[in-house]
Amino acid sequence: MTVSFPPMTRASFAPIFAFITAQRGRKESFTYTPPLIDDALGTETGSVLVNGEHAVGDTTIAMDAFAGDGAGRFKAGDFIKFASHDKVYMVVSDVTSSSNAATVTIEPPLTTALADNEAVTYDSVPFTVALKNDVQEFQIGQDALYRYELDFIEVI
């Protein structure tokens, strides 16, 4: 993912640049929650759990403990993360729950098995990322404002 910061003063830029410099290029990882996608598009508000065990490679995950029933609990394009995973998954089709349960289709396939009753995070999903490049550049405009853009890759 590419993160573009709005033009900022040196005082605002300096701590961001210091943090990025401390990452030593691609060597370190950190968590990042993208601000524009931190809230799921769906209507779910409960503490959703995995229902049953799921194997590596599964793309359909049974879940329960939805706060209610009906269409749009999760929406295609929402991100989810399981308690035991560093990997973030995307919901690829809208989810309708019935009896507070539903089957959720995700991509990519599971990289790690899931246990029954494992918690599912769907709002403010943190990505574990690293810098994509070792070299980081910034620009200073004639208005004395810094412009900064970074490329991240997900770390699993």
Trainee: Over all heavy atoms of both residues, which pair between Val91 and Val104 is shortest? Give the atoms and the distance, please.
Mentor: CG2-CG1, 4.0 Å
Trainee: With rounding to the nearest 0.5 Å, note down the distance linking OG in Ser98 to CG in Asp69.
Mentor: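 Result: 5.5 Å between the selected atoms.
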Trainee: When you compare the side chain of Ile20 with that of Leu150, does any pair of heavy atoms fall below 4.5 Å?
Mentor: yes
Trainee: Can you confirm whether Phe5 sits close enough to Phe138 that some side-chain heavy atom of one is under 4.5 Å from a side-chain heavy atom of the other?
Mentor: no
Trainee: Mind checking whether Phe79 and Val95 sit in one hydrophobic cluster, side chains of I, L, V, M, F, W, Y counted as touching below 4.5 Å?
Mentor: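 Each belongs to a different hydrophobic cluster.
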Trainee: For Glu53, check salt bridge (charged side-chain N to carboxylate O under 4.0 Å, His left out) against everything at least two apart and list the hits.
Mentor: none
Trainee: Can you get from Ile16 to Leu145 by hopping between Ile, Leu, Val, Met, Phe, Trp and Tyr side chains that sit under 4.5 Å apart?
Mentor: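 Hydrophobic grouping puts Ile16 apart from Leu145.
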Trainee: Sequence neighbours left out, what passes side-chain hydrogen bond (donor to acceptor under 3.5 Å, both in side chains) with Gln23? Give chain and number order.
Mentor: none
Trainee: So His54 and Thr112, do their side chains get closer than 4.5 Å, heavy atoms only?
Mentor: no
Trainee: For Ala22, does its backbone N or O pair with a side-chain atom of Glu28 as donor and acceptor, under 3.5 Å?
Mentor: no
Trainee: Answer yes or no: is there a donor N or O on one side and an acceptor on the other, between the side chain of Ser12 and the main chain of Met8, under 3.5 Å?
Mentor: no
Trainee: What heavy-atom pair brings Thr96 and Ala102 nearest, and what distance separates the two atoms?
Mentor: O-CB, 3.5 Å
Trainee: In the single-linkage hydrophobic clustering (I, L, V, M, F, W, Y; side-chain heavy atoms under 4.5 Å), do Met90 and Tyr122 co-cluster?
Mentor: no
Trainee: Looking only at heavy atoms, which two atoms of Asn133 and Gln136 are closest? And how far apart?
Mentor: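 Smallest heavy-atom distance, with atoms named: O-NE2, 2.7 Å.
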Trainee: Quick one: pull up CD1 in Ile153 and OG in Ser29 and give me the separation to the nearest 0.5 Å.
Mentor: 10.0 Å
Trainee: Are Val88 and Met1 connected in the hydrophobic side-chain network, where two residues link if heavy atoms are under 4.5 Å apart?
Mentor: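 Yes, it is one cluster - the side chains of Val88 and Met1 are joined through contacts under 4.5 Å.
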Trainee: For Gly42, does its backbone N or O pair with a side-chain atom of Asp78 as donor and acceptor, under 3.5 Å?
Mentor: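 Looks like yes, one N/O pair under 3.5 Å.
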Trainee: Kindly determine whether Thr121 and Ile80 satisfy side chain to side chain contact (heavy atoms under 4.5 Å, CB included), including the steps that lead there.
Mentor: CA-CA 6 Å; Thr121 300; Ile80 61 174; over 6 Å; no
Trainee: Taking all non-hydrogen atoms of both residues, which atom of Val155 and which atom of Asp86 are closest, and how far apart?
Mentor: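 The pair with the smallest heavy-atom distance is O-CB, 4.3 Å.
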Trainee: Can Leu131 be reached from Ile156 by stepping across I, L, V, M, F, W or Y side chains whose heavy atoms are under 4.5 Å apart?
Mentor: no
Trainee: Could you walk me through whether Phe30 and Phe127 satisfy the ring pair (Phe, Tyr, Trp, His ring centres under 6.0 Å) test, starting with their C-alpha distance in whole Å, then the side-chain angles of each, then the deciding distance to 0.1 Å, before giving a yes or no?
Mentor: CA-CA 8 Å; Phe30 54 96; Phe127 286 73; over 10 Å; no
Trainee: Side chains of Leu49 and Val120: closer than 4.5 Å at any heavy-atom pair?
Mentor: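 The answer is no; the side chains never approach within 4.5 Å.
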Trainee: Taking all atoms of both residues into account, what is the closest heavy-atom pair of Ile106 and Asp58, and its distance?
Mentor: CD1-O, 4.3 Å
Trainee: Using distance only, find each side-chain donor-acceptor pair of residues 59-68 under 3.5 Å and give its atom names and separation, not counting sequence neighbours.
Mentor:
none

Trainee: Kindly state each residue pair satisfying side chain to side chain donor-acceptor pair (under 3.5 Å) with at least one member in residues 137-155, sequence neighbours excluded.
Mentor: Thr2-Asp151, Ser4-Glu149, Lys87-Glu154, Asp143-Arg147
Trainee: Just jot down the ring pair (Phe, Tyr, Trp, His ring centres under 6.0 Å) partners of His85, sequence neighbours excluded, or say none.
Mentor: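 His85 satisfies ring pair (Phe, Tyr, Trp, His ring centres under 6.0 Å) with Phe82, Tyr89 once adjacent residues are dropped.
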Trainee: If you take all heavy atoms of Gly57 and Pro109, which pair is closest and at what distance?
Mentor: O-CB, 3.4 Å
Trainee: Per the side chain to side chain donor-acceptor pair (under 3.5 Å) rule, what does the pair list look like for residues 32-46, sequence neighbours excluded?
Mentor: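 Matches after skipping sequence neighbours: Glu44-Arg73.
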